[in-house]
Amino acid sequence: MSTDSSASQSPLPPAEISRDLLRQMLRVRRFEEECVPQYQAGKIRGFLHLYVGEEAVAVGVISQLQLKDAVVGTYREHGHALVRGVSARAIMAEMFGKQEGCARGRGGSMHLFDAATRFYGGNAIVGGGLPLAVGLALAEKELQRGGVAVCFFGEGAVAEGAFHESLNLASLWKLPVLFVCENNHYAMGTPERIELAGQGVCAKAEVHGVRARSVDGMDVAAVWQAAGAALAEARSGQPVLLECNTYRFRAHSMFDAELYRERSEVQAWERRDPVACFLARLESAGVVKKSEWEVWQQEVNAEIAAAVAYADAGTEEPAADLLRFVYAEEEAR
Amino acid sequence: MSTDSSASQSPLPPAEISRDLLRQMLRVRRFEEECVPQYQAGKIRGFLHLYVGEEAVAVGVISQLQLKDAVVGTYREHGHALVRGVSARAIMAEMFGKQEGCARGRGGSMHLFDAATRFYGGNAIVGGGLPLAVGLALAEKELQRGGVAVCFFGEGAVAEGAFHESLNLASLWKLPVLFVCENNHYAMGTPERIELAGQGVCAKAEVHGVRARSVDGMDVAAVWQAAGAALAEARSGQPVLLECNTYRFRAHSMFDAELYRERSEVQAWERRDPVACFLARLESAGVVKKSEWEVWQQEVNAEIAAAVAYADAGTEEPAADLLRFVYAEEEAR
Amino acid sequence: MTVNSVDTTYREAVREAIREALLGDERVFLMGEDVGHYGGCFAVSKGLLAEFGPERIRDTPLSELAFVGAGIGAALGGLRPIVEIMTVNFSLLALDPILNTAATLCHMSGGQFPVPVVIRMATGGGKQLAAQHSHSLEGWFAHIPGLVILVPATIDDARWMLGWALKRPDPVLIFENQTLYNRKGTLQETGAGNPLQARVRRSGRDITLLTYGASLYKALEAAEQIALKGIELEVLDLRALRPLDETTIMESIARTHRVLIVDEGWRSGGISAELSARVMERAFFELDAPVRRICTEEVPLPYAAQLELAALPQVSKIVAVAEQMVSKHG
Amino acid sequence: MTVNSVDTTYREAVREAIREALLGDERVFLMGEDVGHYGGCFAVSKGLLAEFGPERIRDTPLSELAFVGAGIGAALGGLRPIVEIMTVNFSLLALDPILNTAATLCHMSGGQFPVPVVIRMATGGGKQLAAQHSHSLEGWFAHIPGLVILVPATIDDARWMLGWALKRPDPVLIFENQTLYNRKGTLQETGAGNPLQARVRRSGRDITLLTYGASLYKALEAAEQIALKGIELEVLDLRALRPLDETTIMESIARTHRVLIVDEGWRSGGISAELSARVMERAFFELDAPVRRICTEEVPLPYAAQLELAALPQVSKIVAVAEQMVSKHG
Ligand SMILES: Cc1ncc(C[n+]2csc(CCOP(=O)(O)OP(=O)(O)O)c2C)c(N)n1
Ligand SMILES: Cc1ncc(C[n+]2csc(CCOP(=O)(O)OP(=O)(O)O)c2C)c(N)n1
Ligand SMILES: [Mg+2]
Ligand SMILES: [Mg+2]
């Protein structure tokens with residue numbers, strides 16, 4: 001694992017898109033940062049996994065999606081939900097356990113869901129989303145709707161049998177699925193080298209006939225570019241894997257003494273902060289002005305503050321409703 | 001899948017070994033053939049999977065093992081048990097459900113066991129033996145006993161997550177394990193091409209850092225040679241996979257209409273019969289005489305007949321013993 | 001033979017159910033190991049690949065976890081998958097998607113993502129297939145909220161429950177006892193009614209016998225034998241193990257005041273335990289004798305015929321226990 | 001503080017148990033996800049990697065199926081593995097090796113291959129970890145013959161049961177309720193005695209309360225509250241869910257004639273069902289009232305605090321039900 005990269009040479013997306021990518025990353029960053037005090041205040045409970053440092057991945061990929069596409073995430077999925085179009089307030093309310101949340105407070109941080117944006121969660125079983133995404137892609141293909149299923153997962157999931165079984169199946173059946181490996185080089189405290197033997201994640205996909213590409217996951221422009229190309233292939237029925245090399249700046253969750261890595265390593269990666277670096281690039285390219293950035297910051301701060309206020313004002317689902325939705329309330333169509 | 005092979009050019013093992021390989025294959029062949037009338041007579045019940053056509057694999061590999069090595073098989077494992085040194089009569093008695101059987105009649109055809117020869121079964125979960133073998137190899141390594149764990153499985157098992165998880169683990173931990181893939185190109189009625197996408201079995205092992213080699217599984221000399229080399233590597237702590245290309249001449253089990261393959265394909269493979277071809281080679285090389293072969297046939301026939309007689313004369317474990325061995329009868333050491 | 005009846009087998013009834021579903025709804029497809037080229041490991045789907053093609057009859061690789069998970073995903077995406085797992089022992093490889101996903105998703109998403117998947121599998125012993133192919137875990141699966149568990153014992157139920165299951169918005173698991181496939185009989189009805197209702201398969205005044213699946217036939221046989229001694233068993237076929245039809249059960253107990261449970265699953269914490277506990281809770285003061293259970297012995301099923309016979313519930317044992325129940329506390 | 005007692009926590013007690021085992025037997029090793037570098041997801045194994053090195057404290061990849069299966073193989077090969085699965089929900093990925101191999105092998109091989117493996121995992125809810133991290137499946141595992149299921153509730157049991165388990169020739173699963181790790185207390189004994197014996201943690205004449213794990217403390221709290229009203233609960237800590245200690249249970253019932261079960265598992269077919277059924281079978285004529293069960297509601301555990309509270313057994317409910325049991329049928 002190296003923090004080096006020549007990726008800042010990636011071509012810039014068109015100005016409007018570049019601006020949007022930056023703005024989305026800012027939203028994710030601020031949302032995640034706001035979770036910390038809310039957790040410390042006891043408003044957010046349970047496990048909380050932050051995405052700080054990895055924003056370029058969710059933003060670069062999801063910005064390329066169409067409305068009809070389906071998204072499957074992990075337990076580190078606030079950013080994915082946000083970029084996909086789930087409102088900050090619905091996510092925050094979910095984490096506050098309020099019925100105004102995007103899963104009525106039943107899911108919490110690890111289980112965000114939103115039917116309207118085809119956001120299928122929020123999965124706290126490592127690797128658990130992979131077969132789901134394969135099935136969603138099968139439905140796209142059979143129902144000829146033209147959508148792609150996109151599945152995010154960490155490099156830790158690559159050690160699970162679910163990864164191999166899913167990729168094999170997707171490849172055999174030529175399904176429109178994009179596998180996005182968020183390789184942040186640690187699975188909790190386990191470094192990649194004691195998690196995965198032999199060749200890298202891309203080779204592990206290619207061996208199943210899934211095309212694979214590695215990209216600098218700290219560079220949103222590079223991710224955006226690669227995701228666009230990968231999605232086009234996936235949409236034509238060729239499953240693709242995109243490995244995004246990235247890093248989590250924070251602890252794995254709120255229960256993590258970070259015994260397993262050096263502060264210096266974290267600092268080296270922090271110098272490649274995807275938000276700060278892309279901002280600098282856009283400023284020097286004249287695509288974003290300092291003053292605009294300040295306005296965005298205020299806007300995003302306001303959005304997040306409003307989300308917190310909304311979540312605070314949210315209501316608790318009465319305990320009498322506990323057993324609702326164990327089974328569906330409506331007949332299937 | 002092709003029946004072609006240049007493998008008959010494999011060097012012949014020393015004469016005594018070559019003779020033994022042929023004789024062992026004959027034992028397996030005759031044993032399997034004898035199972036059919038015994039099954040038809042209702043003496044053998046349950047599922048019965050025959051190894052006819054694949055004898056060169058078990059014989060070639062197991063002939064290279066040392067006593068201290070551990071063996072893990074599948075549900076198609078009569079041959080493996082036999083070559084490993086479990087007596088024909090103990091196996092036949094097992095299949096007759098008699099307490100003189102190598103698992104007291106509790107296991108049957110799919111679950112042969114023998115502690116004395118470190119034969120760990122007999123596993124009817126496809127892929128189920130792989131993690132077991134990894135653990136057995138770990139014990140060899142940690143207890144520094146110098147043994148290797150050898151695990152047989154079909155190409156169908158390569159689609160199971162257990163395969164990938166096990167190979168990754170063996171590779172990470174540098175364990176003395178030899179994975180033997182008996183690639184007979186069908187998993188029940190499912191041809192390899194709709195079972196495994198992308199690259200072949202060897203590539204699927206190498207991607208995990210497990211060295212892999214493909215060998216003509218119809219040529220016992222080639223298997224023997226390759227197994228010797230692979231075991232030497234494995235013994236030094238480098239897990240190895242050996243893919244043996246072979247074919248099952250019979251149905252998958254006794255419940256199989258063989259709808260999924262052409263008779264002509266079977267016939268093409270039958271022309272490469274591992275027993276007949278090796279016999280012809282040894283005859284023409286002057287290593288075995290026709291008259292000897294006839295004696296062997298008589299001896300083997302006698303061995304199998306004795307096994308049947310033994311099994312027939314065997315006794316049924318009383319139903320009162322049913323609950324024995326659900327838990328161990330002796331304290332652990 | 002009446003006008004609406006057909007001589008058939010349990011196997012053919014299941015096949016017809018699948019055919020009908022495939023013909024009636026383009027979103028339905030069958031997937032599983034060897035359902036296509038091989039014709040199904042129990043020959044249930046024989047001929048369907050030729051009739052419907054490989055997109056509707058999907059041979060899967062040996063990847064229980066992934067293809068069950070994919071079935072769940074496909075259901076979320078709008079298809080109506082029938083996922084076949086060869087036998088219940090292999091379903092353990094897919095328990096993560098079944099419990100952690102299929103059973104939780106609707107609730108966890110606040111009702112947004114119900115999972116209309118049907119998972120069929122063979123279950124049960126009695127064919128000397130030993131400890132990795134013979135267990136009866138359907139009652140164990142019934143522990144899991146969010147699932148519906150069906151256990152068709154009759155040809156009618158084999159024929160009609162599947163269609164009902166496919167219309168449910170929830171994950172439905174259907175367990176087909178492997179000793180039933182060859183069972184011959186006459187298909188009588190044009191529907192299964194509500195599969196969640198238990199059926200009285202034989203009326204009797206003395207003991208309510210609760211059972212399901214292949215044990216139904218042992219229970220009916222025992223009832224015939226013991227009737228000769230003047231003891232009348234009321235045999236209930238549960239048909240669904242989750243949810244349990246407490247109403248029909250309690251109504252019967254109100255008549256008989258005695259309960260005998262026959263279950264091919266293991267005893268401890270099986271469905272037999274739950275049935276006993278429910279009777280305790282709902283009908284304690286109705287009982288003239290303690291509830292008795294006849295289950296499979298708590299042992300991995302052995303291969304040898306006499307041991308397997310000794311392990312599984314048998315007619316003679318049902319007769320003996322029923323007799324004790326009446327004589328001791330009558 | 002007496003001479004032989006130490007102030008400690010449940011977490012430290014487990015760690016000490018592991019340390020002792022590692023020090024005492026070279027064949028023992030610990031393996032699981034993040035047991036090494038991370039220090040254990042619940043910090044149980046913190047410091048052990050430094051003390052024992054990476055061969056004895058093995059960080060595994062995220063491969064529950066393979067590393068549990070490898071644990072079984074290692075046990076067969078002569079090692080004494082302690083396999084840690086982070087939480088019981090993930091153990092579903094390893095159910096195939098646990099049920100189809102560990103639980104069957106000794107029997108299936110005619111006694112040749114006992115499997116002396118110990119598998120530890122965290123279980124239980126109450127920390128708002130939602131539906132994929134909170135379930136209590138230990139009672140469900142108790143269905144499986146061939147396994148031993150231990151559920152240490154006290155610091156003493158956390159400290160001493162592991163050593164006993166490692167000496168068993170059979171697969172032993174140890175479930176540690178995750179709400180107990182921070183529990184403080186005094187380590188009093190130098191052994192757990194026989195973990196297969198239930199213990200009376202509080203004597204009382206009116207109701208036998210059967211429970212285990214974290215629910216023990218709710219039961220004891222309820223017993224204190226209701227004692228003020230003159231009702232005395234006898235609280236039994238089951239300690240093992242397989243096998244069940246029927247002797248101690250029935251002895252207590254012979255004194256109290258009433259049974260209340262408190263179980264953090266789901267109700268249907270859980271260990272609560274089995275306990276009720278055993279009481280039915282062994283003590284029906286002793287009972288003054290039907291057995292009652294307080295279990296977790298049959299729902300995937302929700303995140304929101306008020307919903308999770310409503311789903312789990314609570315002290316107030318225990319008090320209320322116990323009161324009803326005595327007043328109604330006293
Ligand atoms: C099947 C399973 N095993 C273990 C865990 C516990 N766990 C949660 S996150 C995690 C690490 C996953 O690492 P990776 O896949 O690289 O994702 P990252 O957290 O780095 O984004 C582990 C071990 C789990 N949730 N599911
Ligand atoms: C986990 C599991 N799934 C399905 C089966 C049913 N089954 C038994 S053998 C077999 C085919 C296995 O094929 P392969 O691994 O190639 O071995 P072969 O029989 O060809 O030797 C199948 C599907 C099983 N025993 N275990
Ligand atoms: Mg990671
Ligand atoms: Mg094969």
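So you know, we letter chains A, B, ... as the sequences are listed, proteins then strands, and number each from 1.
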So which of R193(A), H164(A), Q199(A) has the biggest tally of heavy-atom pairs under 4.5 Å with chain B? H164(A)
Does one side chain, of R76(B) or H252(B), offer a donor that lies under 3.5 Å from an acceptor on the other? yes
Do the two ring centres, one from Y75(A) and one from F47(A), sit under 6.0 Å apart? no
Residue part contacting chain A, namely of E160(B), when any heavy atom lies under 4.5 Å: both
Just so I know, are the side chains of K204(B) and N168(A) near enough to count as touching, which here means a heavy-atom distance under 4.5 Å? yes
Checking I194(A) against chain B: side chain, backbone, both or neither under 4.5 Å from a heavy atom? backbone
As an exercise: rank L172(A), L167(A), L196(A), L169(A) by heavy-atom pairs under 4.5 Å with chain B and give me the winner. L172(A)
Ring centre gap for H80(A) and F152(A) strictly below 6.0 Å: yes
